[in-house]
Amino acid sequence: MKYFPLLLDLRGRSCVVIGGGSAALQKCRILLDAGAKITLVSPRILPALADLLRHGAGTHVPRAYQRGDLSGHVLAVVATNDQAVQEAAAREAEQLGILINVVDNPERCSFIMPAILSRGDLTVAVSTAGRSPGFSGALRDRLAELLGPEYARAVEVAARLRERWQRQSIPLPERRRRARCLLDEEFLAALRRDDWSLVQRHLEQVEGEPISLAELGVESS
C-alpha cells in the first residue's frame, strides 16, 4: 500500500487551489462538497469556476501563484501544467508542513485525490495510487451502478441501530454480526422500494425483538 487512506473533515477549513481550468474546477467542486473554504489563485478562470466560487465558500485571487500563497491553509491543490509553479508550490508545502496534491504529478504529491462515490454518509474512494486516474473513475462509475441510493438509507438505519446497541451494551462481535445483516439483498431491496413493513420485519429479525422505526428515528415516508 503506497498511500494511507484517510478521510479529512474539511468543513469550514481553508484550502488553496492554484489554477483556473477544468482540473481546478473539478477539484474545487470536490472541496466545496466537503464544506471547505477555497482560495483560488489564477490570473484567469473558467466562467463555470467563477460561478461555482460565487455560489460557494470561495475567493478568487486574480494573479499567478506567489510564494506565501499556501500559508494559513490546511491543504493545497496545484491544478496547472506550469512545471515551475508545481515545483515551487510543492517545495513551499513541504516547508510549511501542508498537504499538497499536484494534478497529474504524483511524485510531487503528499496526498492524492481518489475517485469518489457518495451515497449520503457513505463514501467510497477508489485509487490506483495516482497511476491511472481514468481507471479509478471508470471503476467508481461501475460501483455507482451497484450501490444505489438505498445504501444511504441503510447507513442511516445502521447509525440509529448503533446508538441503540451502545445503550444496550451489546458486545462488539454481536454488533458486527448484526451490522452485516443490513447488507442482506432483500433488506436493501425493501429500502429501495420504500417497503417499510418489510424493513421493520427484517430489523426485528436482526434484533430478536419488536422494534419501531419511529422510535428508532428512521423516517418511513
Side-chain angles (χ1 to χ4, degrees), residues 2-121 123-141 144:
K2 294 174 66 175
Y3 290 89
F4 179 70
L6 183 69
L7 296 177
L8 297 175
D9 183 358
L10 293 178
R11 291 172 295 180
R13 310 194 74 182
S14 183
C15 304
V16 59
V17 176
I18 300 168
S22 58
L25 175 62
Q26 179 194 31
K27 303 307 181 185
C28 284
R29 280 175 174 159
I30 294 172
L31 292 171
L32 288 172
D33 284 346
K37 296 179 180 178
I38 292 178
T39 297
L40 180 76
V41 181
S42 179
R44 296 170 300 279
I45 62 175
L46 294 174
L49 191 45
D51 290 340
L52 184 68
L53 294 177
R54 271 197 299 270
H55 294 96
T59 301
H60 177 210
V61 179
R63 58 164 172 75
Y65 161 79
Q66 297 176 2
R67 179 172 176 79
D69 282 342
L70 273 57
S71 180
H73 301 284
V74 296
L75 66 79
V77 174
V78 180
T80 174
N81 293 326
D82 189 317
Q83 295 288 322
V85 171
Q86 291 181 358
E87 182 178 350
R91 187 164 53 248
E92 181 182 357
E94 183 176 3
Q95 292 170 349
L96 294 175
I98 295 172
L99 294 172
I100 188 168
N101 174 266
V102 181
V103 176
D104 289 334
N105 195 337
E107 296 304 316
R108 288 198 171 110
C109 295
S110 58
F111 78 97
I112 55 176
M113 298 179 75
I116 299 171
L117 170 64
S118 294
R119 293 288 184 257
D121 285 335
T123 300
V124 179
V126 182
S127 171
T128 56
R131 299 189 65 191
S132 180
F135 184 88
S136 298
L139 181 54
R140 182 266 322 277
D141 295 342

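In what follows, every heavy atom counts, from backbone to side chain, and hydrogens, waters and symmetry copies are set aside.
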Enquirer: Report yes or no: does Asp69 contribute a side-chain atom to a donor-acceptor pair with the main-chain N or O of Gln66 at less than 3.5 Å?
Expert: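 Between the backbone of Gln66 and the side chain of Asp69 there is a qualifying donor-acceptor contact (under 3.5 Å).
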Enquirer: Can you list every salt bridge (charged side-chain N to carboxylate O under 4.0 Å, His left out) pair that touches residues 84-104, not counting sequence neighbours?
Expert: Glu87-Arg91, Glu87-Arg108
Enquirer: Determine whether more than 12 heavy atoms belonging to other residues, nucleotides or ligands lie under 6.0 Å from atom CG of Leu7.
Expert: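 Counting neighbours around CG of Leu7, 12 or fewer heavy atoms of other residues, nucleotides or ligands fall under 6.0 Å, so no.
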Enquirer: Do Leu8 and Leu99 come within less than 4.5 Å of each other through their side chains, counting heavy atoms only?
Expert: yes
Enquirer: Counting only heavy atoms not in Asn81 (residues, nucleotides, ligands), do more than 12 fall under 6.0 Å from its CG?
Expert: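 Atom CG in Asn81 is not packed in, count stays at 12 or less.
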Enquirer: Can you check whether Ile100 reaches Val78 side chain to side chain, under 4.5 Å on heavy atoms?
Expert: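 Yes. Closest side-chain heavy atoms under 4.5 Å.
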Enquirer: Hey, could you give me the CZ/OG1 distance between Phe135 and Thr128, rounded to the nearest 0.5 Å?
Expert: 8.0 Å
Enquirer: Within this structure, what is the CZ-NZ distance for the pair Arg131 and Lys2, rounded to the nearest 0.5 Å?
Expert: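 The distance works out to 6.5 Å.
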Enquirer: Side-chain contact, heavy-atom cut-off 4.5 Å: Ile18 with Leu70?
Expert: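 Result yes, sub-4.5 Å side-chain heavy-atom pair found.
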Enquirer: Where the side chain of Arg119 meets the backbone of Ala144, is there a donor-acceptor pair that is under 3.5 Å apart?
Expert: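 Flag set: sc Arg119 to bb Ala144 pair under 3.5 Å.
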Enquirer: Would you say CG of Asp121 has more than 12 non-hydrogen atoms from neighbouring residues, nucleotides or ligands within 6.0 angstrom?
Expert: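 Count not over threshold, so no.
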Enquirer: Can you tell if the side chain of Pro114 reaches within under 4.5 Å of the side chain of Val126, non-hydrogen atoms only?
Expert: no
Enquirer: What's the spacing between Arg140 CZ and Ser118 OG if we round to 0.5 Å?
Expert: 9.5 Å
Enquirer: Anything under 3.5 Å between a donor and an acceptor, one on a side chain of residues 19-48, the other on a protein residue two or more places apart or in another chain? List them.
Expert:
| residue | atom | partner | partner atom | Å |
| --- | --- | --- | --- | --- |
| Ser42 | OG | Gly20 | N | 3.4 |
| Ser42 | OG | Arg44 | O | 2.7 |

Enquirer: Mind listing the closest non-hydrogen atom pair of Gln86 and Val103 along with its distance?
Expert: NE2-O, 4.3 Å
Enquirer: Which pair of heavy atoms, one from Ser14 and one from Gly72, lies closest together, and at what distance?
Expert: CB-O, 4.1 Å
Enquirer: Do Cys15 and His73 come close enough that some side-chain heavy atom pair is under 4.5 Å?
Expert: no
Enquirer: Are there more than 12 heavy atoms of other residues, nucleotides or ligands under 6.0 Å from atom CZ of Arg11?
Expert: no
Enquirer: Give, for atom CD1 of Ile112 and atom CG of Asn101, the distance between the pair rounded to the nearest 0.5 Å.
Expert: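 Here the rounded value is 8.0 Å.
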Enquirer: Against Val17, only a single residue in Leu75, Leu49, Val77 fulfils side chain to side chain contact (heavy atoms under 4.5 Å, CB included); can you say which?
Expert: Val77
Enquirer: Within a 6.0 Å radius of atom CD on Gln95, are there more than 12 heavy atoms belonging to other residues, nucleotides or ligands?
Expert: yes
